[in-house]
Colleague: 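A single structure is presented below for examination.
A quick note: this is a predicted structure, and the numbers were derived from the prediction, not measured.
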Amino acid sequence: MVRMTKFLSLNKPQAALTVILIVLSTLLAACGDSTATTAPQATTAAAGAATTAAGAATTAAGGTATTAAAAPSGNPVKISVFSPQFPDQDLATNAFSKLMEQKFNIQFNWQTTTLDGAPAKEKRQISLASGDYPDLYMLIPWVDQFTQADLLKYSQQGVIIPLNDLIKQYGPNIQKALDANPEYKAMATAPDGKIYGLPQWVDCFHCSYQDKLWMNSDWLKKLNLKQPTTTQEMKDVLTAFKTKDPNGNGKADEVPLSANVRDVLLPYFMNSFIYDPQGTSGNNNSTLVLNNGKVEIQANKDGWKQGLAYIKSLYDAGLIDKGAFTQNPDALKALGDNAGAVILGSATVLHPAIFFTLGSPDGRDKQYDAVPPLKGPDGKAYTGYNFPSAPGATFVLTNKASKDAQIASIKMLDYIFTEEGEIKGLFGTDERTVVTPSASDVPLEGTKALYKQIPRPAGVAAYNTGWSALAQYNNTKEFRAAEAVATDIYSQTGYERRLFEATKLYAGKEDKSAIYPYWGVWIDPSLGSEVATLQTNINNYVDQNSLQFITGVKSLDKDWDSYVKGFDGLGLTRYLQIQQEAYDKSSYKK
């Protein structure tokens with residue numbers, strides 16, 4: 001999930017983003033080459049599948065249209081492709097790349113970037129500005145992708161081409177996915193009805209509810225405490241973690257609560273006071289909500305002030321790790337993986353393997369469970385909803401692509417939209433990474449498992465047989481649910497089920513009436529630069545002031561009114577006007 005990273009994460013250095021991208025690619029995501037640690041299906045990489053049979057496959061959702069015929073034999077169709085590449089991947093020699101070249105008579109010329117989002121975005125923008133751009137961009141949303149404003153801008157310039165006719169003629173599986181999924185179609189279709197690029201569709205359940213808190217249940221049992229259900233109970237539990245030596249080493253070394261600059265602390269607690277839509281995927285970078293059809297922000301309301309006051313009370317009591325607002329994910333993981341005694345009591349992260357190593361020798365990875373949303377003083381107990389797929393586009397054809405290159409590219413993508421194509425693309429082309437489940441294997445949800453990941457043994461080099469997140473397109477709920485997952489949720493192979501079950505504690509507790517459908521709202525490209533500047537300034541203002549209020553640099557009693565007044569100078573009224581007008585023109589207007 002992506003990307004888009006400016007949540008209420010305070011003082012977030014770019015280095016931290018780089019680290020988390022790598023963490024997500026190897027821990028969070030079920031990548032093409034399964035690692036020794038089986039990881040969850042996530043926003044940022046696919047939940048895989050298993051089949052080794054050749055030919056057209058049927059989707060878990062109930063059938064796939066036949067993939068269009070491959071390119072005619074003869075000289076290969078040359079296609080230059082701009083794409084990010086994983087550290088242990090070589091797209092030029094990759095087995096799935098070779099399969100696509102053979103199947104569709106293609107000769108790829110790869111132009112690659114790393115997974116570092118900022119340099120990848122800069123390199124893409126330079127290619128477009130210089131005119132030295134490729135035939136095809138194939139991107140990963142949580143690294144970099146075309147925004148909706150980008151698509152409108154470059155389509156007006158004639159740099160990128162609409163895909164509608166190509167999809168109708170050569171992409172039956174793509175067309176089927178668009179027709180079957182109104183949300184996906186809305187994401188992909190510009191206001192003029194054209195599809196200028198295709199986004200990835202990743203229907204990730206646990207990624208949709210990102211504001212989770214994971215707490216050490218062993219510590220609760222040792223102190224004879226129950227999981228907190230209210231904000232006051234949470235404060236009492238964290239105080240006990242700090243003062244009653246739950247790790248039993250006789251030292252006051254416990255860290256009751258921590259976070260990092262991406263998996264941020266505020267939304268989980270803020271939702272006990274006011275609905276906070278922010279999460280950790282980076283798709284939603286503001287506190288935009290709907291109030292009876294009117295676009296507003298939450299960060300200037302009294303509920304936000306109350307939430308900050310509560311979080312400040314935790315900070316003042318020494319219950320929040322001072323590094324929670326500034327440390328990168330590696331630093332948080334160092335707390336969770338502390339040599340010797342377990343010292344971390346809880347953390348607000350998307351999934352707990354962000355702060356510990358799965359399969360830890362002392363079993364600490366089995367100690368943490370999700371705590372449902374807390375009831376605040378007024379009974380509010382929301383959780384934020386984050387749309388699991390990123391608006392924009394990762395598959396974009398340019399005007400440099402020949403007609404043959406356009407057709408071959410769409411046929412290739414259409415194959416990736418099949419079950420077989422997604423399996424081989426995400427996980428690899430042989431049984432070292434994914435197999436057909438046995439009769440005893442249990443699907444994540446439903447009655448029939450369709451695929452089973454095979455963890456790569458420790459010490460074994462990556463196989464370089466799949467495209468991983470590059471091939472994550474038709475990643476539907478049904479497809480993800482059909483993965484064979486161990487029933488022991490605390491085992492490494494049951495980790496995805498652990499996340500699935502934990503998310504049920506949060507699902508449905510979002511304020512549905514307040515959700516602003518940013519994924520289906522297209523901003524006029526002539527306003528793109530203005531909106532980006534306004535949004536960045538407003539988000540940074542909220543981030544900086546939130547930290548100052550929590551740490552006491554500013555006073556909620558004395559400085560709140562001036563903080564609210566400060567939004568006027570940032571152009572908040574204009575920003576909300578632009579968002580309102582775009583929302584009113586969208587298909588989501590109620």
Side-chain angles (χ1 to χ4, degrees), residues 2-7 82 117-131 133 137 139-163 186-200 277-278 281-290 295-297 387 389-399 516-542 567 569-589:
V2 88
R3 198 131 195 260
M4 330 179 271
T5 56
K6 299 181 235 9
F7 276 27
F82 182 105
K121 179 179 181 179
E122 182 180 17
K123 188 173 181 179
R124 174 177 62 87
Q125 291 176 330
I126 290 173
S127 72
L128 290 161
S130 67
Y133 49 83
Y137 289 92
L139 308 173
I140 298 174
W142 47 269
V143 177
D144 171 53
Q145 68 168 9
F146 284 80
T147 66
Q148 292 169 322
D150 286 340
L151 295 175
L152 295 176
K153 172 185 174 182
Y154 291 115
S155 66
Q156 291 178 355
Q157 295 177 2
V159 173
I160 63 178
I161 63 173
L163 306 178
M187 282 176 60
T189 308
D192 63 2
K194 299 291 181 62
I195 296 174
Y196 294 111
L198 281 165
Q200 294 187 352
Q278 296 174 307
S281 72
N283 294 359
N284 184 15
N285 297 336
S286 70
T287 65
L288 283 173
V289 294
L290 290 175
V295 181
E296 299 179 348
I297 66 168
F387 195 68
S389 298
T394 52
F395 180 95
V396 174
L397 278 168
T398 76
N399 60 359
Y516 178 69
Y518 58 86
W519 56 91
V521 175
W522 291 71
I523 302 295
D524 187 314
S526 66
L527 303 175
S529 178
E530 181 184 5
V531 169
T533 299
L534 289 169
Q535 181 166 297
T536 297
N537 291 342
I538 291 168
N539 292 347
N540 288 344
Y541 183 73
V542 173
F567 283 104
L570 296 173
L572 176 61
T573 300
R574 172 61 175 162
Y575 175 66
L576 294 178
Q577 176 191 0
I578 294 172
Q579 295 287 352
Q580 185 73 57
E581 291 174 353
Y583 169 73
D584 289 343
K585 294 177 183 177
S586 76
S587 61
Y588 289 90
K589 170 69 174 177

Colleague: Who are the side chain to side chain contact (heavy atoms under 4.5 Å, CB included) partners of Lys153, not counting sequence neighbours?
Modeller: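 Residues passing side chain to side chain contact (heavy atoms under 4.5 Å, CB included) with Lys153: Gln157.
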Colleague: Please tabulate, for the side chains in residues 525-533, all donor-acceptor contacts under 3.5 angstrom to protein atoms that are two or more places apart in sequence or on a different chain.
Modeller:
{"unit_1": "Ser526", "atom_1": "OG", "unit_2": "Asp524", "atom_2": "OD1", "d": "2.7"}
{"unit_1": "Glu530", "atom_1": "OE1", "unit_2": "Arg574", "atom_2": "NH2", "d": "3.3"}
{"unit_1": "Glu530", "atom_1": "OE2", "unit_2": "Arg574", "atom_2": "NE", "d": "2.8"}
{"unit_1": "Thr533", "atom_1": "OG1", "unit_2": "Ser529", "atom_2": "O", "d": "3.1"}

Colleague: Quick check: do Arg124 and Val396 have side-chain heavy atoms less than 4.5 Å from each other?
Modeller: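 Not in contact.
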Colleague: If you count heavy atoms of other groups shown closer than 6.0 angstrom to NZ of Lys121, is the number above 12?
Modeller: no
Colleague: Which pair of non-hydrogen atoms, one from Gly571 and one from Leu534, has the smallest distance, and what is that distance?
Modeller: O-CD2, 3.8 Å
Colleague: Tell me, please, which residues at least two apart from Ala190 pass side chain to side chain contact (heavy atoms under 4.5 Å, CB included).
Modeller: Leu152, Asp192, Tyr196, Trp522
Colleague: Using the rule side-chain contact (heavy atoms from CB on, under 4.5 Å), only one of Thr536, Ile538, Val542 pairs with Asn540; which is it?
Modeller: Thr536
Colleague: Measuring from Leu397:CG to Ile161:CD1, what's the distance to the nearest 0.5 Å?
Modeller: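 Between Leu397 CG and Ile161 CD1, I get 5.0 Å after rounding to 0.5 Å.
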Colleague: With a 4.5 Å heavy-atom cut-off, do Tyr575 and Leu570 have their side chains touching?
Modeller: no
Colleague: Can you tell if the side chain of Tyr583 reaches within under 4.5 Å of the side chain of Leu290, non-hydrogen atoms only?
Modeller: yes
Colleague: Taking the side chain as every heavy atom from C-beta outward, state whether Val295 and Gln577 have any atom pair closer than 4.5 Å.
Modeller: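 SC-SC contact between Val295 and Gln577 ruled out.
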Colleague: Identify the heavy atoms of Val521 and Ala582 that sit nearest to each other, and give their distance.
Modeller: CG1-CB, 3.4 Å
Colleague: Suppose we screen for ring pair (Phe, Tyr, Trp, His ring centres under 6.0 Å). Which residues come up paired with Phe395, at least two apart in sequence or across chains?
Modeller: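 Expected list: none.
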Colleague: What pairs with Lys585 under side chain to side chain contact (heavy atoms under 4.5 Å, CB included), at least two apart in sequence or on another chain?
Modeller: none
Colleague: Quick one, Thr287 and Gln278 - any side-chain contact, counting heavy atoms below 4.5 Å?
Modeller: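 The answer is yes, as the side chains (C-beta and beyond) meet within the 4.5 Å cut-off.
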Colleague: Backbone N or O of Gly158 within a donor-acceptor pair of the Asn399 side chain at under 3.5 Å?
Modeller: yes
Colleague: Flag the pair Tyr518 / Pro391 as yes when at least one side-chain heavy-atom distance between them is below 4.5 Å, and no otherwise.
Modeller: yes
Colleague: Flag yes if more than 12 heavy atoms outside Glu122 fall under 6.0 Å of its CD atom; otherwise flag no.
Modeller: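 Not buried by this count: 12 neighbours or fewer within 6.0 Å.
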Colleague: Using the test side chain to side chain contact (heavy atoms under 4.5 Å, CB included), find all partners of Ala186 that sit at least two apart in sequence or belong to another chain.
Modeller: Ser587, Tyr588
Colleague: What distance do Phe82 atom CZ and Asp144 atom CG have between them, rounded to the nearest 0.5 Å?
Modeller: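 Phe82 CZ to Asp144 CG: 7.0 Å, rounded to 0.5 Å.
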Colleague: Using the ring centroid of each side chain, check whether Tyr541 and Phe567 are separated by less than 6.0 Å.
Modeller: yes
Colleague: Any chance the side chains of Ser127 and Tyr137 put a donor and an acceptor closer than 3.5 Å?
Modeller: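 Indeed, the side chains of Ser127 and Tyr137 share at least one donor-acceptor pair under 3.5 Å.
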Colleague: Kindly say whether Glu581 contributes a backbone atom to a donor-acceptor pair with the side chain of Asp584 at under 3.5 angstrom?
Modeller: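 Absent.
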Colleague: Quick check: do Lys194 and Ser155 have side-chain heavy atoms less than 4.5 Å from each other?
Modeller: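 When only atoms from C-beta onward are counted, Ser155 and Lys194 do not touch, as no gap falls below 4.5 Å.
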Colleague: Would you say that Ile297 contacts Ser286 through its side chain, given a criterion of any heavy-atom pair below 4.5 Å between the two side chains?
Modeller: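 Side chain of Ile297 against side chain of Ser286, heavy atoms only: no contact under 4.5 Å found.
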Colleague: So Phe146 and Tyr154, would you call those rings parallel, tilted or perpendicular, with 30° and 60° as cut-offs?
Modeller: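 Correct class here is perpendicular.
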Colleague: Return the minimal non-hydrogen interatomic distance between Ala120 and Val143, and the atom names on each side.
Modeller: CB-CG1, 3.8 Å
Colleague: Can you measure from OG1 (Thr189) to CD (Gln148) and round to the nearest 0.5 angstrom?
Modeller: 10.5 Å
Colleague: State the CD-CG distance between Gln200 and Leu139, to the nearest 0.5 angstrom.
Modeller: 9.0 Å
Colleague: Roughly how far, to the nearest 0.5 Å, is the CD atom of Gln580 from the NZ atom of Lys589?
Modeller: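 Here the interatomic distance stands at 6.0 Å.
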Colleague: Output the distance between atom OG1 (Thr394) and atom CG (Leu198), rounded to the nearest 0.5 Å.
Modeller: 7.5 Å
